[in-house]
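Below is one structure, written out as structure tokens, with a few remarks after it.
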Amino acid sequence: MTDGRDGTPRTPDPETPLPRSFFDRPVLEVAPALLGRTLVRRTSRGPVTVRLTEVEAYAGERDPGSHAYRGRTRRNASMFGPGGHAYVYFIYGMWWNLNLVCGPEGSAAGVLLRGGEILTGHEQARERRPAARTDAELAKGPARLATSLDVDKALDGTDVCSADPAAPLAVHAGRPADPASVTTGPRTGVGGDGAAHPWRFWIAGDRTVSPYRAHQPRRRKRRLDAATPDA
DNA sequence: AAACCGATCATCT
DNA sequence: GATGATCGGTTTA
């Protein structure tokens with residue numbers, strides 16, 4: 001159905017892994033093109049697949065919203081590697097988030113996977129996410145998606161373009177979202193200069209898209225000097 | 001060595 | 001909509 005310009009095969013089998021060339025493009029092209037694709041996670045208990053419905057683009061070292069903003073560290077090293085690999089990080093002391101690295105090696109761009117619809121492996125996903133009241137909540141939010149798919153630090157740096165049928169993580173062609181259904185807006189929870197760009201992409205009306213939350217300008221924690229009473 | 005902070009979620013009101 | 005939970009990475013002293 002696609003014309004091939006975006007790196008997908010001309011006659012895509014939904015279960016064909018996306019080629020690395022798909023990811024070796026500007027992240028702002030890759031992010032919306034990921035909507036409707038399927039991410040396959042293979043565990044010892046079998047596959048869990050999710051249809052991606054919400055993503056965010058992070059543009060590299062010049063993007064103040066990106067973990068790459070302050071340069072390469074051990075934590076974000078996989079973002080600086082070649083496209084088509086996972087970048088997994090730990091957040092808020094409790095959760096894992098999954099990104100797909102994009103662009104040429106060194107550009108440190110990536111796409112945060114923020115929401116999706118679980119297509120197969122509901123039983124596994126539900127066991128990991130007992131708080132989910134409906135199937136739509138299984139992967140509605142980046143940490144929920146990672147939890148449903150059993151993604152943690154062990155998958156940081158994983159190649160997601162592998163054709164190995166046993167690969168732990170792979171992105172398949174799926175059924176790309178109709179561009180007319182793709183909506184954009186500012187990134188969730190990103191403040192400062194990083195908030196200006198509409199680099200969040202989602203499928204309009206899909207129930208597995210997480211609610212938008214604006215950045216909270218965290219009030220600095222009160223010091224113990226008590227020199228300044230409240231206004 | 002210690003403080004600060006966060007690409008969040010669940011559970012309240 | 002507000003808040004607590006919880007901890008690694010980074011910055012600052």
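Being a predicted model, the structure only gives us computed values, none of them experimental. Throughout, a chain's letter reflects where its sequence line sits, starting with A, and its residues are numbered from 1.
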Flag, side chain of [X] to backbone of [Y], donor-acceptor distance under 3.5 Å:
X: A:S181; Y: A:I203; result: no
X: A:S162; Y: A:D159; result: no
X: A:R126; Y: A:S148; result: no

Distances under 3.5 Å only, N/O to N/O: pair up the protein atoms with those of nucleotides 10-13 of chain B.
from: B:dA10; atom 1: OP1; to: A:R129; atom 2: NH2; distance (Å): 2.1
from: B:dA10; atom 1: OP2; to: A:R129; atom 2: NH2; distance (Å): 3.3
from: B:dA10; atom 1: OP2; to: A:R144; atom 2: NE; distance (Å): 2.8
from: B:dA10; atom 1: OP2; to: A:R144; atom 2: NH2; distance (Å): 2.5

Original post:
Among residues 56-83 of chain A, which contact DNA chain C at a heavy-atom distance under 4.0 Å?
Top reply: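 Hits under 4.0 Å, by residue number: A:R70, A:T73, A:R75.
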
**OP:** Following the transitive rule for hydrophobic clusters with a side-chain heavy-atom cut-off under 4.5 Å over Ile, Leu, Val, Met, Phe, Trp and Tyr, establish whether A:V40 and A:L138 coincide in one cluster.
**Re:**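 No, A:V40 does not connect to A:L138 through the hydrophobic network.
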
Original post:
Under the criterion side-chain hydrogen bond (donor to acceptor under 3.5 Å, both in side chains), which of A:N97, A:N76, A:D156, A:N99 is the partner of A:Y89?
Top reply: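 Going through A:N97, A:N76, A:D156, A:N99 one by one, the side-chain hydrogen bond (donor to acceptor under 3.5 Å, both in side chains) with A:Y89 is satisfied by A:N97 alone.
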
Original post:
Sequence neighbours excluded, which residues qualify as salt bridge (charged side-chain N to carboxylate O under 4.0 Å, His left out) partners of A:E56?
Top reply: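 Listed in chain order: A:R114.
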
For the atom pair [atom1] ([X]) and [atom2] ([Y]), what is the distance rounded to the nearest 0.5 Å?
X: A:H85; Y: A:L155; atom1: NE2; atom2: CG; answer: 13.0 Å
X: A:R37; Y: A:L113; atom1: CZ; atom2: CG; answer: 13.5 Å
X: A:L39; Y: A:H172; atom1: CG; atom2: NE2; answer: 9.0 Å

Original post:
In residues 103-119 of chain A, which residues come under 4.0 Å of DNA chain B by heavy atom?
Top reply: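 Contacting residues: A:L112, A:R114.
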
**OP:** For the pair A:R45 and A:E127, find out whether any cationic side-chain nitrogen is under 4.0 Å from an anionic carboxylate oxygen.
**Re:**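 Salt bridge flag = yes for A:E127 with A:R45.
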
Original post:
So, are A:D63 and A:R187 salt-bridged, with charged N and O less than 4.0 Å apart?
Top reply: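 A salt bridge links A:D63 with A:R187.
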
Subject >> Donor-acceptor pair under 3.5 Å, A:Y89 side chain vs B:dA7 base >> reply: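 Flag set: donor-acceptor pair detected.
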
Can you list, pair by pair, the side-chain donor-acceptor contacts under 3.5 Å of residues 65-72 of chain A, counting residues two or more places apart and other chains?
from: A:S66; atom 1: OG; to: A:A68; atom 2: N; distance (Å): 2.9
from: A:H67; atom 1: ND1; to: A:Y87; atom 2: OH; distance (Å): 2.9

Subject >> First encountered from the 5' end of DNA chain C, between A:M94 and A:K153 >> reply: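 By nearest-heavy-atom nucleotide position, the 5'-most residue is A:M94.
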
Original post:
For DNA chain C, what is the dot-bracket line, given that a base pair needs Watson-Crick (N1 to N3, plus N6-O4 or O6-N4) or G-U wobble (N1-O2 and O6-N3) geometry with both distances under 3.5 Å, and | means paired with another strand?
Top reply: |||||.||||||.

